[in-house]
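Okay, structure first, notes after.
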Amino acid sequence: MIVLEKRPEPSRGWSLATPVVAVVATMIFGGIVFGLLGTNPVAAIATIFWEPLFGEFAFYYRPQLLVKGAPLVLIAIGLSLGFRAGIWNIGAEGQYIVGALSGAAIGLAFYPAEGWYIFPLMVAGGALGGWAWAMIPGLLKVRFGTNEILVSLMLVYVAEQLLASMSLGLLKNPEGFGFPGSRNLQQYPSAHNAELIAGTGMHWGVATAMIAVILAYVLLNRHMLGYQIRLTGEAPRAARFAGVRPGRLILFCLGVSGALAGLAGLFEVSGPAGQVSIDFNVGYGFTAIIVAFLGRLHPVGILLAGLLMALTYIGGEIAQSSLGLPASAIQVFQGMLLFFLLALDVLTNYRIRLVQRERS
Amino acid sequence: MTDILLSLSGLTKAYPGVVANDDVSFDIGTGEVHALLGENGAGKSTLVKMIYGLVKPDSGEMTLRGRSYAPAEPRAARADGIAMVFQHFSLFDALNVGENIALGMEQPPRMRDLADRIRAVSETYGLPLDPFRVVGDLSAGERQRVEIVRCLLQDPKLLIMDEPTSVLTPQEVDILFATLRKLRADGTSILYISHKLEEIRRLCDTATILRLGRKVGTCVPRDTTARDMAEMMVGSSLKTPQRAGRDLGPVALELQGFSAAAPSAFGTALKKVEFRVHAGELLGIGGVAGNGQDELLAVLSGEIRGTEGSLRLKGADIGGLGPRARRAAGLLTAPEERLGHAAAPNMSLTENAMLTGAVRERLETRGFLKWGAARAFATRIIAGFDVRTPGPDNAARSLSGGNLQKFVIGREVLQRPEVLVVNQPTWGVDAAAAAAIRQALLDLAAGGAAVVVISQDLDELMEICDRFGALNEGRLSPTRAVGDLSVEEIGLMMGGAHGMEVADV
């Protein structure tokens, strides 16, 4: 019989090792799935992990790593603060959309005026939009005790409808010959989130993600608020005893995660995506949940996990086009990663013992 | 009395990392009240679980009335005439007494017959009990009677009682003892687990003392002083807390007509609580568990707010302040529940020192934390209160209950409070640590602080407190000087006998 025995202290070693072991296990079992689909598993795994970094077209894929990784990291950092405190914002995708819409709307309102102040205003608008969208589940939870998981998740679908409505109506490009979608912000210099250094993929969103990582690290390790966040997650009663006001903490965590998701949306819509369109969102808000956990809710871990996740996105796309793997196989692969991570996570707090069953 | 009912020989049970029982042997005679004494963690529970068939010994044997006895499960133990009253009751509040008892039976008789049997047994043993009352309306003492009657219906040869008096008022204890003596007279053996030495001296014929899983001695409690028994339990001589003469200062903390709503469906609302405690004074607040102790601590710590009345610290109204502001003003608290309330289990001792120390020990400047100072503070607590741990980086949950309690109390005492409120300061703590904690509280009062001790241990309150009040269903009795109080008066303050009377038998 296998028995799980609680460790007196969480194992530091396993805490660091689980992400690595989870990645390896995902490679093995993902390889088996790819093999069953009739693809050479070694080639598939190599395509996903090697091709984007060191392959023939790495010069194109490497910048993509930053482009795809930045929104994931930015959103995941925000989510991790709430997750640490036991506040489950599942609706970052919606906050991402609303941030993009409100930021883009500000830019489009100024069109065609040029000015240095336009982009900063859009950034503020994006953060504010995401923040406001996250305040809905936040205020409902604090005021009426609703479940933030359900409310924030359902607001994603509301946001998607809002996005469709905007790209077909209010924000539609008047010179777009009736096609859905807004003006392309890439062609509007004052509103364009251009690469800071050409050819590197390094745009304002990447810089903001890096700053968010550093600030989150300082907050969690050096600041009273971060301590209160961790304390609330570890022992809610002890937190109230220490003087944490739960309502304020809920609003802070949801607000920050919403604002960061909104920023990610703004940087995406004004940069790589370029325009508000019906299919603007691609699931960064949901994938960021995986990234947050894969990174152990630790800012540096999230940075690495975001890059790893971006790698599987890009590698997965290559595998789809060059090896003909179905897109759903890649999603299974990414799902496996979270599954193994959470399953192996048990080892941080428990050790496995094989014991002979006591005869009864 | 010379008949041996149950004989244990060489019982050993090891768990990973700890030997719970090591070669324990003793006999329980027929019609004997046998005390099993020991500190927390001495192995009393494991031993009893082996007798009751919940745990299988690694080695050793038991013989019951001369025949080998190895129960595979509690049902087998019950079939052999062994019954147990657990410390925590397993009753359904929504069902009545008869239904609760029927639930525990293999083949319950018709309810009318069962009710008659319950009445018969309860009258025989002086435990009046109405089979049709709903359990949710019963007091703790009455619930315990349900459990005892449930056991007695099986006509047991050996009745095991685990800490039966911890939830009873002195009057209820007297009733229980009368019942147990009657059982003994009828030839039933009783294995009585407790750490209340005076009770054991009153009731028990023989005592077996366990320490660290081993039997360290037997004695006849009537002929042994409580102090000697305590020293056998601890294995070293005990220091009695020293009370220094103190001068009372001005009123430090004052509650007037203070009410608060129950924080949850299972909580107790506080109703018009009034007391005042002076600087240099120790106020003891007794009462049976669940009568508002947790809530009283929470309103003083600032976790829950009052609905009416005033709460004054040195004359200033602090009713509207949160926990941090109250700490800054000098009112510190230590809740009963160590893990999860007073301390965060998975966080290090350094981080737990930050939990309440941030304000007064200046462990933060403008929101930024000074971990070095927090670590030094944690180290000071560990050194000053003899907390056994490898160091301040260890998680709180890795400490034993007593050590963590010393840490929690030490954390507040070292912050030089003007008023300290503690709830169950020595609950589950071994005798030596309990003595150290009581001494620290006395020293604190001697240094001019006001101390409020909420406890269910009356001996503790009588030993260290100057004044005493009791909580009963959220109401606090008027407080009185301890020197003038008799045990009967204390019992009445705690809510009388909950309508319990020794039946005429």
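Computed from a prediction, not measured in an experiment: that's the story for all the values here.
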- Task: For B:L349 and B:D393, run side chain to side chain contact (heavy atoms under 4.5 Å, CB included): C-alpha distance rounded to whole Å, both residues' side-chain angles, the deciding distance at 0.1 Å, then the answer.
- Result: CA-CA 6 Å; B:L349 293 179; B:D393 301 325; over 6 Å; no

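Heavy atoms of B:E364 lying under 4.5 Å from chain A belong exclusively to its side chain. Only the backbone of B:A343 comes within contact range of chain A, with at least one heavy atom under 4.5 Å from a heavy atom of that chain. Interface residue A:V218: only side-chain heavy atoms are found under 4.5 Å from chain B. For B:S398, the parts sitting under 4.5 Å from any heavy atom of chain A are the backbone and the side chain alike. Heavy atoms closer than 4.5 Å to chain B are found nowhere in A:R245, neither backbone nor side chain.
Between the side chains of A:Y217 and A:R222, no donor N or O sits under 3.5 Å from an acceptor N or O. For the residue pair A:S257 / A:N89, a side-chain donor-acceptor distance below 3.5 Å is found, with atom types taken as modelled.
Top candidate by heavy-atom pairs under 4.5 Å with chain A, chosen from B:A342, B:P335, B:A344, B:A396, is B:P335. Listed options B:E337, B:R366, B:H341 were ranked by heavy-atom pairs under 4.5 angstrom with chain A; first place goes to B:H341. The most heavy-atom pairs under 4.5 Å with chain A, out of B:S348, B:A298, B:G340, B:G53, come from B:G340. Contact count against chain A (heavy-atom pairs under 4.5 Å) is highest for B:T333 among B:T356, B:V359, B:T333.
At a threshold of 4.0 Å, the pair A:E234-A:R84 does not count as salt-bridged, since none of the basic side-chain nitrogens sits closer than that to a carboxylate oxygen.
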Contacts table for residues 129-144 of chain A: side-chain donor-acceptor under 3.5 angstrom, sequence neighbours left out:
| residue | atom | partner | partner atom | Å |
| --- | --- | --- | --- | --- |
| A:W133 | NE1 | A:L155 | O | 3.3 |
| A:K141 | NZ | A:E148 | OE1 | 3.0 |

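Contacts classified as salt bridge (Lys or Arg N to Asp or Glu O under 4.0 Å) and involving residues 407-424 of chain B (residues at least two apart or in different chains) are given here: B:K314-B:E418, B:E361-B:R416.
By the 6.0 Å and 45° rule, B:R327 stacks over the aromatic ring of A:F241.
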